[in-house]
Amino acid sequence: MTKAIDDNPWDSGKQAVVKMLAEAADTTVETVYDSIEVPPDSVMGDLASTLAFTLAKELKKNPAAIASEVLAKLQKLIEKESLVSKVETKGPYINIFFDRAAFAKTTITSVSKSGSSYGTSSQFKGKRVLIEFPAVNPSKPWHIGHARNAILGDTLSNILENVGYEVVRLEYINDLGLQIAQLVWKLKQVSDDAGDQKYDHFLGHLYVEVQETFDNSEEVQKEVREVSRHLEDLQSEDAKISGEMVRKCVLAQCQTGYRLGIFHNYQVWESAIAHSGILSLARDMMIKCDNIFIPEEGDKAGCIVADLSVIDEFKDLKDPYKILFRSDGTRTYTGADVALQLWKFGLIKDPFKYAVFDSQPNGEDVKRTTLQGGRGDLGKFDIVLNVIGTRQAHPQKMVYTVLDLMGFTKESENSHHIAYEFVGLEGQDFSGRQGTWVGYSTDDVLNKSTEMALTEVNQRNPDESDEFKAMVANQVAVGAIRYFMLNASPDRKITFRWEQALDFNGDAAPYLQYSLARAKRILEKTERDNEVEVDLYQLTSDPEFELVKAISKYPEEVLDVARAMKKEVWGTSFFSNRITAYGYGLATLFSKFYDSCPVLKAEPRVKKARLALVESFMITMTNCLQILGIPIVDRM
RNA sequence: GGGCGCGUAGUCUAGCCUGGAUAAGGCGCCAGCCUUCGAAGUUGGAGGUCUCAGGUUCGAAUCCUGACGCGCCCGCCA
């Protein structure tokens, strides 16, 4: 149940209806609540109940007859309830109509009272969340699939903040991988001069070049392994080359994120982890557990393994031993991930020092882990989210399972893999090694999108300044890309097609932005007339009321998305597309209202009321776009 | 071998968790609407064996079982 301090007009209306129905049908509130639905067409009613079907079983009566009986009692009850004007039955369905005027008044009053915080709630206040995304290797630019990850992570963060969580956004930088060693090897032969190229693109191309030599020469492989060893020693020449290279690459990748409105609070660097002592602390913790040990014989002799067979789900595995540390003492990926996850929950004392990595355009610094610098204070987290492709479902599950084996049951349960499908081309995935990302980097897509948007802006605003056109083109382009990524259900693979990603018509961000621009134009052209009193009881026509209802549902919609997150076998579900769908629906209803209900030319009392509705719409749409990270436009 | 996801008009998708009234949108196609707040809009139309077969139910796109098709995952790798 929603707390009273949060404005949630739709839920309030629903609760009132549920209460009356429960009384009329002489049954529990829960039973009624579960039977409530929205009728397929609003001419049938604003809410409906299928309670008669449920009761038919126990009462052994015809559902339609039950519905009529309930209706008779309901008729009396609604006289005392100002929010409900009419109830009727259609066969077994009990249909409820809100009192349009009263409902409009409470909704609009809620919105104007809450303003920019309309839609936020305190439901999850006091809980802290750490979320990691998008963890791109610092050896290439983001391709458009990385953008999907980052946009999902950022929007999820926004939603969680809206429902009361404190969210810390973390980026993971793997500066010790094979990719980095390969690039350092290459950079010792070629100039580190990127020329006009953005540094991450420069590296990305170099990386593709390296692959062929690497695959075809054992000599090169040997040399790269040598570099790899040197990287462990922070004082080595190779480590210095690497440090500078990675710094420049991450900085370049950040620029891409900034264009999309994506910012972080912290970066955790692998090189810092390697020298922090975290790994040996984690190993010591692991080895103390009953189900984690070192086999003395067999093919895994000398490794530190977790015995998964004690977990029901894995008891039938052919080989239930999951290796965390190899027989040579080095960690596997799973081992490292477990250590990192322990650190994220504060189960390992934070050994890091922190330094400012960059000052972000949102005015906040992003800090990185280092070995010098000031101490940080990340604090404890209740929930840890990792935004990672769905292909990593199994490895992620391993990490959480090991946590459970170690006795950290609560932390294991509160570890979530936010899974999503990849973005690819028809018949092929993006690959850093093969360079299939070329032409599909996030920068390329944003550039092309901005270029196309500029053409559109030019046509519509030929007399505006170049600065204005550039700004709007950018807002439209960024919005279009973010919406495109969010509007696809995360469990569905996206086959990237330019004409689809860059379509500015229909079900796309510019439609939402446009509706907002139109609303603002109306409000801008209004001279405030304080002579006339606001009478919200005027808003009773279909287009007006449909818009009111959509506005009233916004807080519930945001909460629903947060509540619907659920741990599944393949990861934790996150319905990003529900928020875009809401925004699209809201824009549609505004467009219909706009078309059929003149505001400025209406007679004074109606005009005043409609202006209040337009203003409520503007507030709601603005808040919704902010969650989606879609730029707010004034004109376009 | 085991597991996961997906299958809905020409096309791209939403709905499936939590069963309910005529299966909802975008793009494309056809026909309208700018002397009235911005046409990136709006009104109407054509277009469907919801992959298939069983089952549960008063009721199934939705839940269960089994097929089929497509994609992915199951290393002391990274």
Side-chain angles (χ1 to χ4, degrees), chain A residues 34-35 37 39-41 44 48-50 53 56-57 62-63 90-93 95 137 174 177-179 299-305 313 316-319 321-328 330-335 389-395 397-398 419 421-422 424 429 453 456-457 459-461 476 480 487-489 491-495 497 499-500 503-515 517-526 564 566 568-571 573 575 577-578 580-581 584-585 587-588 590-592 594-602 607 610 614 635-636:
Chain A
D34 291 341
S35 79
E37 58 184 50
D41 190 322
M44 298 177 188
S49 170
T50 55
F53 289 112
K57 281 196 195 92
N62 175 350
K90 196 159 192 176
Y93 294 95
N95 293 331
N137 277 314
N174 185 3
L178 177 68
Q179 315 202 341
D299 59 343
K300 289 177 181 170
C303 297
I304 298 179
V305 304
E313 192 183 342
D316 295 328
L317 277 186
K318 244 189 340 232
D319 177 7
Y321 291 176
K322 185 73 204 169
I323 297 171
L324 303 172
F325 286 85
R326 302 180 186 110
S327 49
D328 67 1
T330 56
R331 89 286 189 285
T332 61
Y333 259 56
T334 305
T390 186
R391 290 177 191 184
Q392 301 258 19
H394 183 70
K397 184 141 200 168
M398 291 295 108
E421 265 291 356
F422 279 14
D429 288 340
E456 302 284 325
V457 175
Q459 278 171 18
R460 293 172 173 83
N461 307 277
V476 168
N487 197 35
S489 178
D491 59 9
R492 194 179 279 272
K493 187 182 165 164
I494 294 180
T495 302
R497 296 184 185 91
E499 64 276 17
Q500 214 177 314
D503 190 352
F504 297 150
N505 299 311
D507 190 2
Y511 180 71
L512 279 64
Q513 293 170 314
Y514 182 66
S515 70
R518 282 169 136 186
K520 287 190 179 181
R521 194 68 351 90
I522 293 175
L523 295 173
E524 201 176 84
K525 289 184 175 171
T526 310
K566 204 175 133 196
E568 308 278 0
V569 201
W570 46 265
S573 54
F575 300 98
N577 54 312
R578 284 195 41 182
T580 51
Y584 180 70
T588 303
F590 178 77
S591 298
K592 289 179 179 171
Y594 185 94
D595 248 44
S596 49
C597 305
V599 177
L600 299 178
K601 295 200 167 65
K607 173 179 168 183
R610 286 183 178 167
V614 172
R635 282 178 297 154
M636 60 190 280

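Quick note on labels: first sequence line is chain A, next is B, and so on, each numbered from 1. Worth knowing before you read on, the calculation uses all heavy atoms, side chains too, and leaves out hydrogens, waters and symmetry mates.
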Colleague: Return the value, rounded to whole Å, for the distance between atom OH of A:Tyr514 and atom P of B:rC37.
Modeller: 11 Å
Colleague: Would you kindly give the CD-to-C1' distance between A:Gln392 and B:rC4, to the nearest whole Å?
Modeller: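 Atom-to-atom, A:Gln392 to B:rC4, this comes out as 14 Å.
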Colleague: From B:rC74, B:rG5, B:rG75, pick the nucleotide closest to the side chain of A:His394?
Modeller: B:rC74
Colleague: Side chain of A:Lys566 only, please: which of B:rC4, B:rU18, B:rG41 is the nearest?
Modeller: B:rU18
Colleague: Regarding A:Arg391 and A:Glu421, does a basic nitrogen lie under 4.0 Å from an acidic carboxylate oxygen?
Modeller: no
Colleague: Rounded off to whole Å, could you give me the NZ-to-C1' distance for the A:Lys607 and B:rU36 pair?
Modeller: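 Nearest whole value for this atom pair: 14 Å.
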Colleague: Hey, does A:Thr332 reach any base, or is it just sugar-phosphate, or nothing, if we go heavy atoms under 4.0 Å?
Modeller: sugar-phosphate
Colleague: Is there a donor N/O on one and an acceptor N/O on the other, under 3.5 Å, for the side chain of A:Arg460 and the base of B:rA40?
Modeller: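 Under the 3.5 Å cut-off, the side chain and the base do form a donor-acceptor pair.
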Colleague: Distance between the C1' atoms of B:rC73 and B:rA78, in whole angstroms?
Modeller: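 Looking at atom C1' only, B:rC73 and B:rA78 are 16 Å apart.
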Colleague: Could you check which of B:rC76, B:rC37, B:rC12 has an atom nearest any side-chain atom of A:Gln500?
Modeller: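 Minimum distance to the A:Gln500 side chain belongs to B:rC12.
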Colleague: Is A:Lys493 close enough to B:rC70 that one of its side-chain N or O atoms is under 4.0 Å from OP1 or OP2 there?
Modeller: no
Colleague: Is the ring centre of A:Phe53 less than 6.0 Å from the ring centre of A:Tyr93?
Modeller: yes
Colleague: Pairing check on B:rG69: which nucleotide meets the Watson-Crick or G-U wobble criteria with it, both distances under 3.5 Å?
Modeller: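 With both distances under 3.5 Å, B:rG69 matches B:rC6.
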Colleague: Checking all strands, does A:Thr330 fall into the base, sugar-phosphate, or nothing category for heavy-atom contacts under 4.0 angstrom?
Modeller: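 Counting heavy atoms under 4.0 Å across all strands, no contact is made by A:Thr330.
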Colleague: If you measure from the C1' atom in B:rC34 to the same atom in B:rU43, how many Å do you get, rounded?
Modeller: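 Result for the C1' pair: 14 Å, nearest Å.
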Colleague: From the list B:rC27, B:rC37, B:rC6, which nucleotide is the closest neighbour of the side chain of A:Arg492?
Modeller: B:rC6
Colleague: Got A:Asp491 and A:Thr390 here, is their nearest side-chain heavy-atom distance under 4.5 Å?
Modeller: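 Sidechains of A:Thr390 and A:Asp491: no contact.
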Colleague: Nearest-nucleotide wise, let me know which of A:Gly177 and A:Met636 is further upstream toward the 5' end of RNA chain B.
Modeller: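 Final value for this comparison: A:Met636.
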Colleague: Verify, without hydrogens or angle tests, whether A:Arg610 (side chain) and A:Pro598 (backbone) share a donor-acceptor contact under 3.5 angstrom.
Modeller: yes
Colleague: Taking a pair as Watson-Crick or G-U wobble with both distances under 3.5 Å, which nucleotide is matched to B:rG75?
Modeller: none
Colleague: Would the base of B:rG38 count as contacting A:Arg518 through its side chain, where contact means a donor and an acceptor less than 3.5 Å apart?
Modeller: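 No such pair is found, so the answer is no.
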Colleague: Remember a base hit wins even if backbone is also touched, and classify A:Arg391 as base, sugar-phosphate or nothing at under 4.0 Å, heavy atoms.
Modeller: sugar-phosphate
Colleague: What is the distance from CE of A:Met44 to C1' of B:rG20, rounded to the nearest Å?
Modeller: 11 Å
Colleague: Measuring from the side chain of A:Lys592 (C-beta onward, heavy atoms only), which nucleotide among B:rU42, B:rA78, B:rG38 has the closest atom?
Modeller: B:rU42
Colleague: Is it true that a side-chain atom of A:Lys322 and a backbone atom of A:Met398 form a donor plus acceptor pair closer than 3.5 Å?
Modeller: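 Between the backbone of A:Met398 and the side chain of A:Lys322 there is no qualifying donor-acceptor contact (under 3.5 Å).
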Colleague: Measure from the side-chain N and O atoms of A:Asn461 to the backbone N and O of A:Val457, and report whether any donor-acceptor pair falls under 3.5 Å.
Modeller: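 Answer holds: yes.
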Colleague: Write down the distance separating the P atoms in B:rU57 and B:rG10, rounded off to the nearest Å.
Modeller: 35 Å
Colleague: With a 4.0 Å cut-off on heavy atoms, is A:Tyr511 in touch with a base, just the backbone sugar-phosphate, or nothing at all?
Modeller: sugar-phosphate
Colleague: Would the base of B:rA21 count as contacting A:Asn95 through its side chain, where contact means a donor and an acceptor less than 3.5 Å apart?
Modeller: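 Checked by distance alone, the answer is yes.
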Colleague: Looking at the side chain of A:Glu37, which of B:rU42, B:rG20, B:rG41 is the nearest nucleotide?
Modeller: B:rG20
Colleague: Quick one: look up who B:rU36 pairs with, Watson-Crick or G-U, both distances under 3.5 Å, and put none if it's unpaired.
Modeller: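 Across all strands, not a single nucleotide pairs with B:rU36.
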Colleague: Please determine, by modelled atom types, if A:Ser591 and A:Ser515 share a side-chain donor-acceptor pair under 3.5 angstrom.
Modeller: no
Colleague: Please report the C-alpha distance between A:Asp429 and A:Lys493 in whole Å, then the side-chain angles of each, then the deciding distance to 0.1 Å, and finally whether the salt bridge (charged side-chain N to carboxylate O under 4.0 Å, His left out) criterion is met.
Modeller: CA-CA 11 Å; A:Asp429 288 340; A:Lys493 187 182 165 164; 3.3 Å; yes
Colleague: If you look at every strand shown and take non-hydrogen atoms under 4.0 Å, does A:Phe422 touch a base, only sugar-phosphate, or nothing?
Modeller: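 Answer is nothing: A:Phe422 stays at 4.0 Å or more from every strand.
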Colleague: Tell me: CD of A:Gln459 to P of B:rG41, nearest whole Å?
Modeller: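 A:Gln459 atom CD is separated from B:rG41 atom P by 13 Å.
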Colleague: Using atom P of each nucleotide, how far apart are B:rU51 and B:rG44 to the nearest Å?
Modeller: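 To the nearest whole Å, 28 Å.
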Colleague: Under 4.0 Å between any heavy atoms, over every strand shown, what does A:Ile323 touch: base, sugar-phosphate, or nothing? Just pick one.
Modeller: base
Colleague: Quantified in whole Å, what is the P atom distance between nucleotide B:rG54 and nucleotide B:rU18?
Modeller: 26 Å
Colleague: Would you mind reading off the distance between A:Asp507 atom CG and B:rG28 atom C1', rounded to a whole angstrom?
Modeller: 15 Å
Colleague: Whether A:Tyr594 contacts B:rG38 is assessed here as follows: a side-chain N or O lying under 4.0 Å from the phosphate OP1 or OP2. Is that the case?
Modeller: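 It does, given that an N or O in the side chain of A:Tyr594 lies less than 4.0 Å from OP1 or OP2 of B:rG38.
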Colleague: Distance check needed: B:rG1 C1' versus A:Leu317 CG, whole Å only.
Modeller: 13 Å
Colleague: Can you check the distance between B:rC52 and B:rG69, where both ends of the measurement are the C1' atom (answer in whole Å)?
Modeller: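 Roughly 11 Å separates the two C1' atoms.
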Colleague: Name the closest nucleotide to the A:Asp491 side chain, picking from B:rC37, B:rG26, B:rC6.
Modeller: B:rC6
Colleague: Backbone N or O of A:Met44 within a donor-acceptor pair of the A:Asn95 side chain at under 3.5 Å?
Modeller: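 Present.
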Colleague: Heavy atoms under 4.0 Å, any strand shown: does A:Ala56 hit a base, just sugar-phosphate, or nothing?
Modeller: nothing
Colleague: In whole Å, what is the span from the CD atom of A:Glu568 to the P atom of B:rG5?
Modeller: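 Answer to the nearest Å: 8 Å.
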Colleague: Under a 3.5 Å cut-off for both contacts, is B:rG19 paired Watson-Crick or G-U wobble with anything, and if yes, with which nucleotide?
Modeller: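 None - no nucleotide pairs with B:rG19, as no candidate has both distances under 3.5 Å.
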Colleague: Could you work out the separation of B:rA24 and B:rA67 based on their P atoms and round it to a whole Å?
Modeller: 33 Å
Colleague: Using a heavy-atom cut-off of under 4.0 Å over every strand shown, decide if A:Ser591 touches base, sugar-phosphate, or nothing.
Modeller: sugar-phosphate
Colleague: Which nucleotide sits closest to the side chain of A:Asn505: B:rC37, B:rA40, B:rG20?
Modeller: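 Among the listed nucleotides, the one closest to the side chain of A:Asn505 is B:rA40.
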Colleague: Does the structure show A:Phe53 stacking with B:rG20, if we require the centres to be closer than 5.5 Å and the planes to be within less than 30 degrees of parallel?
Modeller: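 Here the ring of A:Phe53 and the base of B:rG20 are stacked, with centres under 5.5 Å and planes under 30°.
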Colleague: Among B:rG38, B:rU42, B:rG25, which nucleotide has an atom closest to any side-chain atom of A:Asp595?
Modeller: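 Nearest nucleotide to the side chain: B:rU42.
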Colleague: Using the C1' atoms only, state how far B:rU13 lies from B:rA23, rounded to an integer number of Å.
Modeller: 14 Å
Colleague: Would A:Arg518 count as a cation-pi partner of A:Tyr594, with NZ or CZ less than 6.0 Å from the six-membered ring centre and within 45° of the ring normal?
Modeller: yes
Colleague: B:rC76 base to A:Ser327 side chain: any donor-acceptor pair below 3.5 Å?
Modeller: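 Yes.
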Colleague: Does B:rC34 count as syn, meaning its glycosidic angle lies within 90° of 0, or as anti?
Modeller: syn
Colleague: Under a 3.5 Å cut-off for both contacts, is B:rG59 paired Watson-Crick or G-U wobble with anything, and if yes, with which nucleotide?
Modeller: none
Colleague: For A:Asn577, answer base if it contacts any base atom (sugar-phosphate contacts may also be present), sugar-phosphate if it contacts only those atoms, and nothing otherwise; contact means non-hydrogen atoms under 4.0 Å.
Modeller: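 The residue A:Asn577 makes sugar-phosphate contact but no base contact.
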Colleague: Reckon A:Pro39 touches a base, only the sugar-phosphate, or nothing at all at heavy-atom distances under 4.0 Å?
Modeller: base
Colleague: Pick the nucleotide of RNA chain B nearest each of A:Lys318 and A:Ser49; which residue has the one closer to the 5' end?
Modeller: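 Whichever sits nearer the 5' end wins; that is A:Lys318.
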